[in-house]
Amino acid sequence: MDAESARAAICAAVRAIPAGKVSSYGAVAARAGLPRRARLVGRVLREAGEADLPWHRVLHADGRLAAPLRSALGRRQARLLLAEGVRVHAGRVAAACFVDGGDADALLWASPQRALRRR
DNA sequence: ATTTTGACGACCC
DNA sequence: TGGGTCGCCAAAA
């Protein structure tokens, strides 16, 4: 799979995330047929820039936004998510907001303990 | 040609 | 809670 088709597959996977839901870089990569290529997803989104992509629906696997809330990118993402009904707390979203759903515990609050770490 | 650098993430101590 | 390590790998330096 060449770089260009990989980019296309990733964009398609990102566009497939429904509004009001989020997914992680790693999950997007996997759905694009590129397991373990989370970093590539991040790079593609960064390069996509202002492209017509719901990039804000992609965040870290532990629920943290793509960038710290203090950064311009982080705040832009929080604003976009909030606009479509995704609750953002201290720069994080609950595991239940992920398209891939969280496990039972996660449904009660955020899943991995590490995700609760605030920053 | 080699090293560094990330919009990552699972693990380990 | 907080740091490292290691896998991954395309660009930039």
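Since this is a predicted model, take the numbers as computed values, not measurements. Chain letters run A, B, ... following the sequence lines, proteins first, then strands; residues in each count from 1.
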* To do: Let me see the working for Arg70(A) and Arg75(A) under side chain to side chain contact (heavy atoms under 4.5 Å, CB included), right down to the final yes or no.
  => CA-CA 7 Å; Arg70(A) 103 179 57 83; Arg75(A) 288 193 287 205; over 6 Å; no
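By the 4.5 Å heavy-atom criterion applied to side chains, Glu84(A) and His56(A) are counted as neighbours. Using a 4.5 Å heavy-atom threshold, the side chains of Leu82(A) and Arg79(A) count as separate. With contacts defined as side-chain heavy-atom distances shorter than 4.5 Å, the pair Leu65(A)/Leu81(A) qualifies.
For Ser24(A), a side-chain nitrogen or oxygen approaches OP1 or OP2 of dG9(B) to under 4.0 Å. Contact check, His60(A) against dA7(B): no side-chain N or O comes under 4.0 Å of OP1 or OP2.
Rounded to the nearest Å, the gap between the P atom of dT5(B) and that of dG4(C) is 16 Å. When the P atom is compared between dC8(C) and dA1(B), the two are found 23 Å apart, to the nearest whole Å.
For the pair Leu45(A) CG and dA10(C) P, the interatomic distance rounds to 16 Å; values are reported in whole Å. Straight-line distance from the OH atom of Tyr25(A) to the P atom of dA10(B): 14 Å, rounded to whole Å. Taking atom CZ of Arg64(A) as the reference point, atom C1' of dG9(B) lies 10 Å away to the nearest angstrom. The distance between atom CG of Leu73(A) and atom C1' of dC8(B), rounded to the nearest whole Å, is 14 Å. Rounded to whole angstrom, the span from the CE atom of Met1(A) across to the P atom of dA10(C) amounts to 13 Å. A straight line from CZ of Arg46(A) to C1' of dA12(C) spans 10 Å, rounded to a whole angstrom. Spacing between atom CD1 of Ile10(A) and atom C1' of dC8(B) amounts to 12 Å, rounded to whole angstrom units. Remark: C1' of dA7(B) and CG of Leu80(A) are 14 Å apart, rounded to the nearest angstrom.
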Which atom pairs, donor and acceptor, lie under 3.5 Å between side-chain atoms of residues 21-35 of chain A and protein residues at least two apart or in another chain?
{"residue": "Lys21(A)", "atom": "NZ", "partner": "Ala96(A)", "partner atom": "O", "Å": "3.2"}
{"residue": "Ser23(A)", "atom": "OG", "partner": "Arg31(A)", "partner atom": "NH2", "Å": "2.7"}
{"residue": "Ser23(A)", "atom": "OG", "partner": "Asp100(A)", "partner atom": "OD2", "Å": "3.4"}
{"residue": "Ser24(A)", "atom": "OG", "partner": "Ala27(A)", "partner atom": "N", "Å": "3.1"}

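Side-chain proximity of Leu40(A) to dG9(B), dA10(C), dA7(B): nearest is dA10(C).
Every residue was checked against the side chain to side chain donor-acceptor pair (under 3.5 Å) condition with Arg39(A), not counting sequence neighbours, and none meets it.
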Scan nucleotides 5-9 of chain C against the protein and return all N/O pairs shorter than 3.5 Å with their distances rounded to 0.1 Å.
{"residue": "dG7(C)", "atom": "O6", "partner": "Arg39(A)", "partner atom": "NH1", "Å": "3.2"}

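Of all the heavy atoms in Val44(A) and Cys11(A), the pair that sits closest is CG1-SG, 4.3 Å.
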